[in-house]
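Just so we're on the same page: letters track the sequence lines, and every chain starts at 1. What you are looking at is a predicted structure, and each value in this text was computed from that prediction instead of being measured.
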There are 2 protein chains.
Amino acid sequence: MKQGTQKLYVDQPARVGHSQCRNCNILHEVLFSDLTNNELDSIIQGIYEPIDEFSYEKGAVLYHEGDEDDAIYTIRSGLVKLVRYLPDNSERIIRLMKGADSIGLERVLGHTYGHTAIAIGPVTACRIPIGVLQLLDAEKPRFYRQLMERWATVLFQADDYIMMLLSGTVKQRVAHLIEWLSDITQDSDKHSVVLLKGKNAAAMLDITAESVSRTLAELKRLNILRHLDGDRYEYDAKALKEYANAA
Amino acid sequence: MKQGTQKLYVDQPARVGHSQCRNCNILHEVLFSDLTNNELDSIIQGIYEPIDEFSYEKGAVLYHEGDEDDAIYTIRSGLVKLVRYLPDNSERIIRLMKGADSIGLERVLGHTYGHTAIAIGPVTACRIPIGVLQLLDAEKPRFYRQLMERWATVLFQADDYIMMLLSGTVKQRVAHLIEWLSDITQDSDKHSVVLLKGKNAAAMLDITAESVSRTLAELKRLNILRHLDGDRYEYDAKALKEYANAA
DNA sequence: CGAGAGGTTGACTTGCGTCAATGAACGTGG
DNA sequence: CCACGTTCATTGACGCAAGTCAACCTCTCG
């Protein structure tokens with residue numbers, strides 16, 4: 001459904017098994033909140049299609065823009081980027097979703113997927129057939145209230161995204177990205193982040209990968225950013241703000 | 001509630017009168033769709049606070065970010081910009097809303113207004129107390145379904161906004177803005193637009209007012225854009241696309 | 001008619017994109 | 001296990017698109 005001239009992405013997830021919804025604190029807290037265990041059980045038994053859990057490797061596609069599978073996904077771990085492609089086939093990251101977020105919600109309204117969802121690192125996610133949501137709706141009319149809150153949350157995030165990550169100079173954007181990522185991933189209250197770099201960061205901030213690299217290099221040079229391991233870094237929050245604010 | 005060092009905006013709307021909801025095709029089509037006249041009547045009678053219609057002059061503020069009046073607004077005519085202010089007090093337009101759009105929906109979820117809403121030209125809008133919506137909810141549990149669709153629509157627009165108006169060169173952004181405005185305002189199928197210029201356009205596209213001015217001047221010079229009257233222009237859609245695509 | 005805000009235009013400067021070369025990381029096959 | 005290819009990150013040199021600064025014009029409104 002996407003243009004094939006694009007970079008090749010892996011496409012086969014591994015099915016981990018049926019989801020243990022009763023034991024899944026994420027679903028409980030998030031999508032099915034305010035349901036009792038009994039209600040949840042009855043719904044799960046009522047469906048013919050199971051809720052499966054899948055694991056995806058880096059670069060795997062959960063779904064493509066324009067597709068119309070009857071399912072949404074709830075991320076259990078990892079980061080998923082929702083992207084669209086510009087006319088020149090370059091990738092633009094529209095949103096970045098983390099554990100406990102649900103994606104593909106537009107299918108509930110009958111729209112095709114609005115983005116292509118790609119795992120940034122290793123990801124596990126539950127595939128929830130839309131039938132489940134329809135049952136939920138039937139059982140609990142106020143269910144849509146819940147869903148609405150999620151839409152609203154996503155929208156607020158989109159606004160912040162525009163304000164923080166798509167405004168100002170390269171330095172400001174990169175600085176904001178670091179703060180934002182550390183917020184998102186909530187790596188404890190410690191000032192550490194799993195950092196997006198290169199192409200991914202560039203596609204979020206609408207700048208080039210080279211600019212990202214240069215800026216991160218400068219931050220390391222200034223000792224505002226220190227490497228820990230892998231993609232993990234710690235940073236000096238105060239100095240980072242100053243760096244961003246300095247003309 | 002906003003930083004007062006900012007440009008002064010007029011703040012007093014004129015109350016036009018109680019809204020004639022039964023005769024208001026906008027509300028019918030949009031927010032209260034799928035309600036019968038009888039249902040609508042019974043709801044309107046049930047509320048203590050009336051639905052008033054106001055007219056705002058250019059620059060008037062419908063509400064401020066952070067405020068918590070118990071009302072949403074449905075725009076009946078004109079354009080309203082939803083803005084936030086960057087640390088340096090410069091204005092950034094997050095969304096542009098037109099007739100038949102509803103704004104301030106976040107109040108339904110109990111959040112404070114997420115933006116400051118400012119009339120771009122003359123605007124008329126109905127102020128709908130939240131109580132009305134709660135009654136609607138009580139009468140029609142599936143009401144939230146409707147609201148959810150609106151959230152989703154806004155979100156899709158936000159995505160397009162990022163893709164079209166906040167990507168690429170100045171020329172591309174301005175070109176896209178023209179197309180987008182002509183879409184939004186649907187000035188018949190003819191290729192004409194009420195054009196945003198200067199500061200407003202700049203605040204949408206995240207470029208400077210000078211860049212906007214220069215680009216529009218060039219478009220006029222190339223005869224791709226022709227002045228009609230006031231802020232209305234007609235344009236050559238095909239030539240405009242070529243202009244945007246040319247490196 | 002004057003003041004003030006916003007739009008236009010020109011000259012200058014610079015941030016950042018482009019291009020290109022090098023290096024590091026990873027996977028594959030011999 | 002090492003050699004090789006592929007992909008992505010890094011670094012430098014260069015040029016241009018667009019921001020900045022400033023002068024001037026236009027419109028509106030008191």
* Asked: Where along nucleotides 20-30 of chain D does protein come under 4.0 Å, by heavy atom, of base (B) or sugar-phosphate alone (S), with - for untouched nucleotides?
  -> BBB--------

Could you tell me whether the side chain of [Y] reaches within less than 4.5 Å of the side chain of [X], counting heavy atoms only?
{"X": "B/Y235", "Y": "B/L219", "value": "no"}
{"X": "B/R173", "Y": "B/L166", "value": "yes"}
{"X": "B/R92", "Y": "B/D206", "value": "yes"}
{"X": "A/M97", "Y": "A/Y73", "value": "no"}
{"X": "A/R232", "Y": "A/S192", "value": "yes"}

Rounded to whole angstroms, how far apart are [atom1] on [X] and [atom2] on [N]?
{"X": "B/I207", "N": "C/dC16", "atom1": "CD1", "atom2": "C1'", "result": "16 Å"}
{"X": "A/Y233", "N": "D/dA9", "atom1": "OH", "atom2": "P", "result": "11 Å"}
{"X": "A/E91", "N": "D/dC8", "atom1": "CD", "atom2": "P", "result": "10 Å"}
{"X": "A/K199", "N": "D/dT6", "atom1": "NZ", "atom2": "C1'", "result": "12 Å"}
{"X": "A/E57", "N": "C/dC26", "atom1": "CD", "atom2": "P", "result": "15 Å"}
{"X": "A/L219", "N": "D/dT10", "atom1": "CG", "atom2": "C1'", "result": "15 Å"}
{"X": "B/L205", "N": "D/dA17", "atom1": "CG", "atom2": "C1'", "result": "16 Å"}
{"X": "A/K171", "N": "C/dG15", "atom1": "NZ", "atom2": "P", "result": "8 Å"}

* Is A/A209 touching bases, backbone alone, or none of the nucleic acid, heavy atoms closer than 4.0 Å? ->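 No contact at all - A/A209 keeps every heavy atom at 4.0 Å or more from the nucleic acid.
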
* Report yes or no: does A/R76 contribute a side-chain atom to a donor-acceptor pair with the main-chain N or O of A/T124 at less than 3.5 Å? => no

* To do: Please check if the distance between the ring centroids of A/Y63 and A/H115 is under 6.0 Å.
  =>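 Ring-ring flag for A/Y63/A/H115: false, centres at least 6.0 Å apart.
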
* Look at A/K197 and C/dA25 and indicate whether a side-chain polar atom (N or O) is within less than 4.0 Å of OP1 or OP2. =>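 So the side-chain polar atoms of A/K197 never come under 4.0 Å of the phosphate oxygens OP1 or OP2 of C/dA25.
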
* Structure fact -> Side-chain contact check for B/S213: nearest option of C/dC16, D/dA18, C/dT8 is C/dT8

